[in-house]
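Structure record follows, encoded as structure tokens.
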Amino acid sequence: MSPLSSSLLNPRLSFSLKPLFLFSQSSFAPRKFQIPRQFVSAKRKTFSALASEQSSATDNGGRSGGGGRSGALSPSPVVEEVQRIDVNPPKGTRDFPPEDMRLRTWLFNHFREVSRLFGFEEVDYPVLESEVLFIRKAGEEIRDQLYCFEDRGNRRVALRPELTPSLARLVIQKGKSLSLPLKWFAIGQCWRYERMTRGRRREHYQWNMDILGLPEVTAEAELISSIVAFFKRIGITESDVGFKVSSRKVLQEVLRCYSVPENLFGKVCIIIDKIEKIPIDEIKRELNATGLSEEAIEELLQVLSIKSLTKLEEILGGAGEAVAELKELFSLAEKFGYSEWIQFDASVVRGLAYYTGF
Amino acid sequence: MSPLSSSLLNPRLSFSLKPLFLFSQSSFAPRKFQIPRQFVSAKRKTFSALASEQSSATDNGGRSGGGGRSGALSPSPVVEEVQRIDVNPPKGTRDFPPEDMRLRTWLFNHFREVSRLFGFEEVDYPVLESEVLFIRKAGEEIRDQLYCFEDRGNRRVALRPELTPSLARLVIQKGKSLSLPLKWFAIGQCWRYERMTRGRRREHYQWNMDILGLPEVTAEAELISSIVAFFKRIGITESDVGFKVSSRKVLQEVLRCYSVPENLFGKVCIIIDKIEKIPIDEIKRELNATGLSEEAIEELLQVLSIKSLTKLEEILGGAGEAVAELKELFSLAEKFGYSEWIQFDASVVRGLAYYTGIVFEGFDRQGKLRAICGGGRYDRLLSTFGGDDVPACGFGFGDAVIVEVCEASIEGHQ
């Protein structure tokens, strides 16, 4: 195997890199051929002449059998304008040469195997969707960074930032033909448009598993169990990673005490989600801007700092759904055998507007 | 398992679908809590009240143990504007629900297995590339239908119509670190923007296999061999499909006799590729417009009608590269054992400007379908991107026509 470098140093190769002189149309001198027989003999001479021209330009004399050319190429028959291209993939995207592809394939294989073991079926959707699917007015980061544009037909479309709305669309489309519960998984590329000053990626692949048609907490418990199984498969243990668990209903119950209208709920969650990322005063300011009183805000922030389910029950009481569901989850985790992997943490709200429970 | 329909008909569900009345900010009446203890007891009452509100709204009374709710949902705590969305995927694109995904996975597994058996390594590139990568001025259909747009930073980008330019870009990028020959394969989604009046798709997946660094015809022979292996794996035989093979050098040699400048070569090939698709007079007109004399055109069209390598050798003579390479390919096919699968056909040029040597396409023998796959040698592509040329050949194989071939084959056997 000759490395690319020795080919690059070959002097003959430089011949093919010179832009060939462009002939204008007027320098044509088409040969005239009157009858086939004459044409054939004239051609044969012409083709032989061409052939010997070709031979002298290449490394070896003949072409019989397996020898072939060593590395030099005959003069270019196609002249394209040379346009120096950027050899890098577009900003924020990745190439997958063989070594990187091997890692990705290894990872995706584990995603797939775990999904199959838990009885999930694979699905896929277009990476391009109507922009409308992602326009939620809750102020989510996912919306600010939507990779949207107008297609050639002036339609507003977007490279999907997540897979869940596509799942929802397909489920609605299928309607009665679907039997529930439904357990689907997908591995798909998702996109965002972020300013590249921060050197972050604009695309990534995301493994999704979804259970539709089960209102019970057993669904959440199974999802977490499958992720635990994935971690174990690749040698990650509970001393390396864990899950922080809470419920949107915790926030709901606090806000309802203050008669905060439910249409603000999603917005409040998005603000709360930024707790570790922006200063607490900014958080308070944004919550105030949505209409929450200072008392409501204080109460909210206090509740969010709770790290024990028992403490939460003291504050909220045992009758609400939030505490009941969380207790059920922890009980199931015990039975599944992954109690060591999960912990309650009221500050976890996640950054998507549509979560209603966990 | 309760089907989705009974959930939809559940009266309680309709409650959560009604847009809830929006409160204005002034209707707030925040409760005051002075000290924690008071707060806790006041809360407990409040939370219990809330809890019993919730219970009465759901199907069952309690929540202990495993029963849970049957199918009704408690009133929506999140009020979003309801926006009816189009449940169909964007025009020209496909969803893959489980049944369709199973078929796709089956197909892609065969693509991968054959690639591996032949010693190819898998790679992948971004589906989005700079538009520049696909702008070739030869008038190719692929360029007219480029799915390009301006991103949010006003850069001209495109959803790739093919994988080969990305391969070329990555090979130039890797430069000296690559050892040749290089055998890479990829399965990636490709896009085009076509007017939907024809009901055609805007995306498809394409299996590509490429060999770089081998100038010999053995490379093309191996590529065709791998496609034959793929067909056999899925039960398609030489009576179902075949390959038409030719070489761009045939046209080159004819055009050179007429001193047609080489910069027109790509354009001429693109026009010729439309032979089965537009009237012959239109073909002649377009060829004339590029500057070819009527004699050159007549000669060209005659040569293109040749279906026998022997006849071609009579016309072109035995000394040129076109005939020599084609004879070598057919000889190798004999040794590989797939002579029954290939045939010479001078009219095959393929629709990409960058082919420089042997070209081939897979076709169904019933003649009802479009090309199953296509490929050829493209020794000159890397220099057009500012890199150093490396001999290269490869093919693309779409995910749509092959399914039709399989369906036709199943029908034929019934």
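Hydrogens, waters and symmetry mates are skipped; everything else that's a heavy atom, side chains included, is used. All chains are named by letter (A, B, ...) in the order of the sequence lines, taking the proteins before the strands, and each is independently numbered beginning at 1.
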Could you tell me which portion of B/R152 (side chain, backbone, both or neither) has an atom closer than 4.5 angstrom to a non-hydrogen atom of chain A?
both

Would you call the rings of A/F149 and B/F149 parallel, tilted or perpendicular, where under 30° means parallel and over 60° means perpendicular?
parallel

Where on B/D86 is there a heavy atom nearer than 4.5 Å to chain A: the side chain, the backbone, both, or neither?
backbone

Between A/L128 and B/W191, does the side-chain contact (heavy atoms from CB on, under 4.5 Å) criterion hold? Intermediate values first, please.
CA-CA 11 Å; A/L128 204 69; B/W191 294 77; 3.9 Å; yes

Checking A/E99 against B/K174 for the salt bridge (Lys or Arg N to Asp or Glu O under 4.0 Å) test, could you report, in this order, the C-alpha distance in whole Å, the side-chain angles of both residues, the deciding distance, and whether it holds?
CA-CA 12 Å; A/E99 57 276 18; B/K174 289 285 193 179; 3.1 Å; yes

Look only at the side chain of B/Q173 and the backbone of A/V87, and say whether a donor-acceptor pair between them is shorter than 3.5 Å.
yes

Chain B shares the most heavy-atom pairs under 4.5 Å, among A/L214, A/D100, A/L146, with A/L146

Distance col, row A/M101:CE vs B/Y125:OH, nearest 0.5 angstrom, shows 10.0 Å

Counting only heavy atoms closer than 4.5 Å, note whether B/E122 contacts chain A via side chain, backbone, both or neither.
both

Return the option, out of B/T105, B/I172, B/T93, B/D151, with the maximum number of heavy-atom pairs under 4.5 Å with chain A.
B/D151

Largest heavy-atom contact set with chain A, pairs under 4.5 Å, which of B/N88, B/L170, B/V157, B/V132
B/N88

Go through A/V123, A/L332, A/D124 and name the one with the most non-hydrogen pairs under 4.5 angstrom from chain B.
A/D124

State whether the side chain of A/Y193 and the backbone N or O of B/G153 hold a donor-acceptor pair below 3.5 Å, judged by distance alone.
yes

Applying a strict 4.5 Å limit to non-hydrogen atoms, the region of B/E150 in contact with chain A is backbone

Part of A/E203 lying under 4.5 Å from any heavy atom of chain B
neither

Might you point out which heavy atoms bring A/S130 and B/P90 nearest each other, and give the distance in Å?
N-CG, 4.1 Å

Search all heavy atoms of A/R169 against all heavy atoms of B/P89 and return the closest pair with its distance.
NH1-N, 3.3 Å

